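Predicted, not measured: the structure shown is a model, and the values here were computed from it. Values reported hereafter were calculated over all heavy atoms of this structure, with side chains retained and with hydrogens, waters and symmetry mates removed. A note on names: the letters A, B, ... follow the listed sequences, proteins ahead of strands, and every chain is numbered from 1.
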Protein chains: 2
Amino acid sequence: MRTKNENKAAAIRENAMKMIVAEGFDGFSMQKLAKSANVSPATLYIYYKNKEDLLNQLFNEVQQTFADVALEGFNPQLSFEEGLWIQWKNRLKFVLEYPVHFSFYEQFRNSPLINSSGIHLSSFKENMKQFVINAIQKGELKMMAPEIFWSVAYGSFYSLVKFHLQEKTMMGNDFKLNEVTLKTTFDIIVKALKP
Amino acid sequence: MRTKNENKAAAIRENAMKMIVAEGFDGFSMQKLAKSANVSPATLYIYYKNKEDLLNQLFNEVQQTFADVALEGFNPQLSFEEGLWIQWKNRLKFVLEYPVHFSFYEQFRNSPLINSSGIHLSSFKENMKQFVINAIQKGELKMMAPEIFWSVAYGSFYSLVKFHLQEKTMMGNDFKLNEVTLKTTFDIIVKALKP
DNA sequence: TTTGTAAAAGAACGAACGTTCATTTATATT
DNA sequence: AATATAAATGAACGTTCGTTCTTTTACAAA
């Protein structure tokens, strides 16, 4: 018996994401991926059922990792301000450490491919739901629809990250996203969410 | 001399956007577009230099329209709260009236194709820049980096819209985006931005 | 009504696509 | 050391891609 070469598997994953981030979904092809990963096209079909399966598995893995990182050191009993800040910090860490993974993730989320995806991330969502309920009960947080909470609590974060990831800054060249500028923005948002 | 048929031109534009919103950039092709618009593939090349040109022109048109709609009734001398609210309302109107255009726009903005695009929208940006400067001078607004302002002032809006546009609501089914729920969210954000 | 000209069409080009095939290669087990 | 088995390959399949060719069609100007 011959065993799968994990180096090959990793090369396939990394090159696929790099290619999609650089050239988009229509610049991506199985044959180009095979060439860039130094692998036969047929080999891709040992690891994945087909192209759609490859993209979905890739997305699900990245999404799961991102969710895991976001919840490091977190638990739903934390105070609202502390819990949310931990998540912002964790997410920024992921973005800075794995910019290609994150860009791939965002591109996938904003494409129609997202509808053919499988995972629901229900554990993560339950965790967050409980966190918000607790915070409202403790009186740390305004009462509001979950969609409004999610939008206000994370909308600014993702917008900031998008500014950071596009090399051409539209306004000035002096803005740098780090834990300090992140905290500045976080404080603004938290103030708004308090009762 | 024969003149261009504007019905055909419109059919090409609309079908292109619909196809991309439904199937993504890799589900889109010139031959499929020609068929769906009841047009010969060759005809597409009378209107557009090539596929890339078609997509870029489409994006630039939508972006320009979106910017124009956003600024209806707006001027940079307005009070910060009133000016921003007008823009939120205008943008919501655009999203509800042209959901396909907006989805196409968002998908394009989150793809690498955006880097090959031409338009800079500098008039719109200048307008907004002046608006923020005025508001800070009048003391209606905290001082902050432009990137932070943009993220806070619009991040929640776009997140809300994204919730609205995905048919499968993740949390409950009872949330509806309209001028009332929009205003609720807006008030939260404005409170955060005040000094 | 004729004429000039650009719009529009349909068929076709080579290239690239996703996928599969028969075959070879490497390695865990015997 | 021999064997079994799955990994890995390169060539090839039919299909679809973006684009261009030649020809036909419609309409403004004459």
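- For B:A153, the side-chain contact (heavy atoms from CB on, under 4.5 Å) partners are B:L84, B:F149, B:L193, not counting sequence neighbours.
- Checking A:G27 against A:K49, the closest nucleotide of DNA chain C that is more toward the 5' end is the one next to A:G27.
- Taking the ring-ring contact (aromatic ring centres under 6.0 Å, His included) definition, one finds that A:Y158 meets it with nothing, sequence neighbours left out.
- Two residues, B:M30 and B:R2, neighbour DNA chain D, and the one matched to the more 5' nucleotide by heavy-atom proximity is B:M30.
- With sequence neighbours left out, B:Q57 forms a side chain to side chain donor-acceptor pair (under 3.5 Å) with B:D53.
- The distance from atom NZ of A:K32 to atom C1' of C:dA16 is 10 Å, rounded to the nearest whole Å.
- When heavy atoms are screened at a 4.0 angstrom cut-off, B:Y47 is found touching the sugar-phosphate backbone but no base atom.
- Counting to the nearest Å, the P atom of C:dT20 and the NZ atom of A:K51 are 14 Å from each other.
- With sequence neighbours left out, A:K18 forms a salt bridge (charged side-chain N to carboxylate O under 4.0 Å, His left out) with no residue at all.
- Note that the first and last nucleotides of DNA chain D, 5' to 3', having any atom under 4.0 angstrom from a heavy atom of chain B are D:dC17 to D:dA28.
- Seen from the ring of A:F80, A:K138 does not count as a face-on cation partner, given the 6.0 Å and 45° thresholds.
- Scanning for salt bridge (charged side-chain N to carboxylate O under 4.0 Å, His left out) contacts around A:K89 gives an empty result, with sequence neighbours left out.
- Listed for the B:T181 side chain is a donor-acceptor partner under 3.5 Å among the backbone atoms of B:N178.
- Residues satisfying the side-chain contact (heavy atoms from CB on, under 4.5 Å) criterion with A:Y98, sequence neighbours excluded, are A:F94, A:H101.
- Between the OH atom of B:Y48 and the P atom of C:dA8 there is a distance of 12 Å, given to the nearest Å.
- Listed by first and then second residue, the salt bridge (charged side-chain N to carboxylate O under 4.0 Å, His left out) pairs that reach into residues 75-87 of chain B are B:E81-B:K194, sequence neighbours excluded.
- Across C:dA8, C:dT19, C:dT25, the shortest atom-to-atom separation from the side chain of A:N50 is found for C:dT19.
- Of the residues in residues 4-20 of chain B, those lying under 4.0 Å from DNA chain C by heavy-atom distance are B:K4, B:N5, B:K8.
- When the side-chain contact (heavy atoms from CB on, under 4.5 Å) test is applied to A:S40, the partners found at least two apart in sequence or on another chain are A:A42, A:T43.
- The stretch residues 22-45 of chain B participates, sequence neighbours left out, in these salt bridge (charged side-chain N to carboxylate O under 4.0 Å, His left out) pairs: A:K51-B:D26, B:E23-B:K32.
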Between N or O atoms, less than 3.5 Å apart, protein on one side and nucleotides 10-15 of chain C on the other: list the pairs.
residue : atom : partner : partner atom : Å
C:dG10  : N7   : B:S40   : OG           : 2.7

